[in-house]
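Fair warning: this is a prediction, and the values are worked out from it, not measured in the lab. Note: hydrogens, waters and symmetry copies are ignored here, and every other heavy atom, side chains too, is used. Chain letters run A, B, ... following the sequence lines, proteins first, then strands; residues in each count from 1.
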2 protein chains.
Amino acid sequence: MNRAQPAPAAESGDRRTQLVAAARHLLEAEGRDAVTIRRLGAAVGIRGPSIYKHVPDKAAIEDALTLTGFIEQAEALECVPATFSALARAYRTWALSHPHMHRLLNDRPLDRSALPPGLEDRAGAPLVVACGGDLALARAAWATIKGLVDLEIAARFPPGADIDAAYGAAARAYQGAGAAP
Amino acid sequence: MNRAQPAPAAESGDRRTQLVAAARHLLEAEGRDAVTIRRLGAAVGIRGPSIYKHVPDKAAIEDALTLTGFIEQAEALECVPATFSALARAYRTWALSHPHMHRLLNDRPLDRSALPPGLEDRAGAPLVVACGGDLALARAAWATIKGLVDLEIAARFPPGADIDAAYGAAARAYQGAGAAP
DNA sequence: ATGGTGGGGCTACCAGCGTTAGCCACAGCC
DNA sequence: GGCTGTGGCTAACGCTGGTAGCCCCACCAT
């Protein structure tokens, strides 16, 4: 009907990219439930079902979102010193400023095949370095940091709890076990 | 009030209890998405909308479910020695045998007002004991155990990872920091 | 210049979700 | 005997992800 112009709006990259960007905005601004096929369509100026001309299903958009999230998270960890405290602080800061993204990354089971090979190792590398190459210790430290952040985001610490002190206690424990402080 | 007369087949307690029990079965057997108003109705022999004669909304059922989950989890931790390793093992065993319940307990923000006062402290007490009363250390240990379990349930460890070794490394770290081994 | 092809929109629609409105049958009480 | 409250029911609403089928238009080959 009204689609006579070849260039509808100003610069628009390919639709798929636009959709992922729109999904990102919706996710960060209003949470996962707000990322809806019809709202995504509205955000890029099309009608909902037309989305399926560019993407097989909603999961594909979430997968793309997940990918960018993992990359950004890895980048946030790569530019701090490889010590437990610094990595914990960087992870916590990143997660608390992108809580919905953090939930998206952690709440759904990981489809490893949708991730480029190596990304997982890259994201985990700084902590392995901080743990002097001890993989088991690094995994425990990873679980600790993620657990602390999850508990904080989910408001599971009692009101008034000294969260910094919990991070400090964890840092002391892992330092004693051989991690760089 | 019609007691015992029109129930065709099943004798049972009040509907609300029945509904929560049915929700429990659905959750454990098929996961959270299977817990649906209409399916809950079918499970107790009524028609979906009739559920709202017994319960204000679906969240109330999930809250009741959450409550029983927390109680059972606390019980699972109370009958083992107050050491990091024993508590971690007990928590892991409980969570891995009720993975959907575990997700329900952890994925939604905690509505503290729906929990009886004291339950939270009761659930956390064994770990505080194991940490010699050091609250900060206990919270870090709590995050570690929960984090390890979350990662395992979400299949976030690379295939072939030695998960037991990660628990062992955590145990050593917290032991070194003053927790009972 | 003409015709074929296909990309990318659209509307209509489906089943299922939580939830509401309104109707009705029956038990128990006055 | 009638009133009322309880607890069923069906119909329906607005939302969800997703499918079917139509149609316009750009492009390309003849």
Donor-acceptor pair under 3.5 Å: do we get one between B:Lys53's side chain and the base of D:dG8? yes
Under 4.0 Å between any heavy atoms, over every strand shown, what does A:Val55 touch: base, sugar-phosphate, or nothing? Just pick one. nothing
Between atom CD1 in A:Ile51 and atom P in D:dA20, what is the gap in whole Å? 18 Å
Round to the nearest Å and state the distance from A:Glu62 atom CD to D:dG17 atom C1'. 11 Å
In whole angstroms, how far is the C1' atom of D:dT16 from the CG atom of A:Asp57? 14 Å
Heavy atoms under 4.0 Å, any strand shown: does B:Ile46 hit a base, just sugar-phosphate, or nothing? sugar-phosphate
May I ask you to decide whether A:Arg139 forms a salt bridge with B:Glu152, counting only side-chain N to carboxylate O separations under 4.0 Å? no
Taking for A:Thr36 and for A:Pro49 the nucleotide of DNA chain D with the nearest heavy atom, the one nearer the 5' end belongs to A:Thr36
Short side-chain N/O contact to C:dG7 OP1/OP2 from A:His54, under 4.0 Å: no
With a cut-off of less than 4.0 Å, is there a side-chain N or O of B:Arg39 near OP1 or OP2 of C:dG16? no
Hey, does the side chain of B:Tyr52 reach the backbone of B:Lys58 with a donor-acceptor pair shorter than 3.5 angstrom? no
With clusters defined by side-chain heavy atoms of hydrophobic residues (ILVMFWY) lying less than 4.5 Å apart, directly or transitively, does A:Leu77 cluster with A:Leu105? no
B:Leu40 CG to C:dT19 P: how many Å, rounded? 11 Å
What nucleic acid atoms does B:Val35 come within less than 4.0 Å of, heavy atoms only: base, sugar-phosphate, or nothing? sugar-phosphate
Nearest-angstrom distance from the residue atom CG of B:Leu26 to P of C:dC17: 11 Å
C:dT11 C1' sits how many Å from A:Tyr52 OH, rounded? 16 Å
Salt bridge between A:Asp63 and A:Arg108, side-chain N to carboxylate O under 4.0 Å? yes
To the nearest angstrom, the CZ-P distance between A:Arg15 and C:dG8 comes to 9 Å
Using whole Å, report how far CZ of B:Arg32 lies from P of C:dC17. 15 Å
Answer yes or no: side-chain N or O of A:Arg38 and base N or O of D:dG17 forming a donor-acceptor pair under 3.5 Å. yes
Quick one: do B:Glu120 and A:Arg156 make a salt bridge, cutoff under 4.0 Å? no
Check whether any side-chain N or O of B:Ser50 sits under 4.0 Å from OP1 or OP2 of D:dG7, and answer yes or no. no
Would you please confirm or rule out a distance under 4.0 Å between OP1 or OP2 of D:dT10 and any side-chain N or O of B:Arg47? yes
